[in-house]
Amino acid sequence: MLVILVVLGAAVLHATWNAMAHGAPDRVASLALFELAAGVIGLVAVLVMGLPPAGTWGYIIASALLHLAYLGGLLASYQLGQFSQMYPLARGTSPWVVAVVSIVVLHQHLAVLELTGVLLISAGLIGLVFIGRPGRGQAPALFAAIGTGLMIASYTVVDGVAVHKMPVATYMGWVFMLQGFAVPLAVLFWRGPRTFDMPRPAILSGLAGGVVSMAAYGLVLWAQTRGTLAAIAALRETSIIFGAIIGALFFHERFGPKRAAAAAVVVAGIILITTG
């Protein structure tokens with residue numbers, strides 16, 4: 001039960017920082033600030049924890065690169081589509097992909113109830129998107145969101161294996177330090193130093209978003225050391241429910257009874273995973 005509560009708490013944090021990124025006036029600059037804050041925290045962790053064990057660098061580099069690809073896809077999704085549609089599709093694509101990989105490649109066992117719960121969560125989350133009836137003009141946004149979901153699934157699998165080979169703090173520190181400094185440097189090169197010529201509240205919000213993002217990520221990594229990878233991945237993506245609520249409350253995006261029904265499907269999936 002503790003693992004479930006931790007992952008659900010991480011889901012709330014994850015939805016929060018994604019909403020902060022979507023609602024920022026300059027999403028590119030804000031995302032760079034998110035990553036800068038995470039990079040500084042990662043550097044502190046690296047200085048405290050030291051080098052990772054021999055033979056684990058591949059996991060760290062792969063995760064950092066996949067996270068960078070994920071951030072690019074996430075930014076494109078938010079630029080092209082609505083938060084309450086792009087966020088569920090990106091996150092809802094991931095659980096069933098992780099489930100397939102964890103069973104076929106990693107040979108992890110999922111009880112029937114757990115597997116059913118994973119599929120229900122994915123179906124409910126993706127249902128949140130298509131209830132909104134995205135039109136043909138949104139095809140680029142949908143493809144960007146699906147690609148983002150595949151990146152999420154990829155780094156989730158890498159992370160799930162890596163946390164069993166080294167301390168969570170060591171792994172998280174190195175991954176976030178590498179990606180955290182890479183993003184703001186790339187943005188500086190792309191758009192120049194005036195990118196960060198922002199009001200102080202916007203800068204503080206961006207840095208705070210990075211702290212929230214890293215807290216959410218750290219909680220999930222801890223949970224992955226104590227639970228089934230596919231079940232943890234599915235539970236984490238319940239952040240979509242919180243994201244849809246945030247979209248309705250703060251971005252005035254319609255929720256409605258159909259989305260409430262899709263949310264109920266997700267809750268049913270959570271119950272099955274809990275009892276499985």
Side-chain angles (χ1 to χ4, degrees), residues 3-4 6-8 10-11 14 18 38 42 52-53 55-74 77 87-111 114-123 125-126 144-180 182 213-214 216-240 269-270 273 276:
V3 171
I4 292 171
V6 167
V7 178
L8 291 177
H14 200 281
N18 272 264
T56 59
W57 281 106
Y59 297 103
I60 292 170
I61 294 171
S63 183
L65 291 175
L66 288 168
H67 272 89
L68 291 173
Y70 150 71
L71 290 171
L74 190 70
S77 300
Y87 185 57
L89 184 55
R91 306 306 304 190
T93 300
S94 171
W96 63 267
V97 176
V98 172
V100 171
V101 173
S102 63
I103 294 170
V104 175
V105 179
L106 303 180
H107 307 293
Q108 291 187 349
H109 174 71
L110 274 182
E114 282 187 313
L115 181 58
T116 305
V118 169
L119 295 176
L120 278 177
I121 289 174
S122 290
L125 297 179
I126 293 175
I146 292 171
T148 302
L150 294 177
M151 292 302 102
I152 294 168
S154 299
Y155 75 65
T156 297
V157 172
V158 172
D159 292 347
V161 176
V163 293
H164 292 284
K165 296 181 179 293
M166 70 187 92
V168 169
T170 301
Y171 181 67
M172 187 169 66
W174 279 99
V175 170
F176 267 88
M177 185 184 72
L178 291 176
Q179 76 174 67
S213 169
M214 194 160 189
Y217 183 70
L219 290 173
V220 169
L221 286 182
W222 175 84
Q224 285 178 340
T225 66
R226 287 162 171 78
T228 306
L229 182 58
I232 298 298
L235 285 172
R236 178 179 64 181
E237 307 314 352
T238 57
S239 59
I240 285 83
I270 295 172
I273 289 176

- Query: Who are the side-chain contact (heavy atoms from CB on, under 4.5 Å) partners of Ile61, not counting sequence neighbours?
  - Reply: Leu65

- Tyr70 side, atom OH; Ser77 side, atom OG - distance, nearest 0.5 Å: 9.5 Å

- Query: So Ile232 and Val3, side-chain contact (heavy atoms from CB on, under 4.5 Å) or not? Walk me through it.
  - Reply: CA-CA 9 Å; Ile232 298 298; Val3 171; 3.5 Å; yes

- Item | Distance, nearest 0.5 Å, that separates OH of Tyr217 from CZ of Phe176 | 6.0 Å

Using distance only, find each side-chain donor-acceptor pair of residues 161-171 under 3.5 Å and give its atom names and separation, not counting sequence neighbours.
from	atom 1	to	atom 2	distance (Å)
His164	NE2	Gln224	O	3.3
Tyr171	OH	Ser63	OG	3.2
Tyr171	OH	Asp159	OD1	2.4

- Message: Checking Leu178 now: which residues fulfil side-chain contact (heavy atoms from CB on, under 4.5 Å) with it, not counting sequence neighbours?
- Response: Ile60, Ala64

- Item | ring-ring contact (aromatic ring centres under 6.0 Å, His included) against Tyr59, all qualifying residues, sequence neighbours excluded | none

- What pairs with Val6 under side-chain contact (heavy atoms from CB on, under 4.5 Å), at least two apart in sequence or on another chain? Leu2, Leu219, Trp222

- Considering only heavy atoms from C-beta outward, does the side chain of Met151 approach that of Leu71 to under 4.5 Å? no

- Query: Taking all atoms of both residues into account, what is the closest heavy-atom pair of Met177 and Gly42, and its distance?
  - Reply: CB-C, 4.0 Å

- Item | Selection residues 147-158 - residue pairs positive for side chain to side chain donor-acceptor pair (under 3.5 Å), sequence neighbours left out | Thr156-Arg236

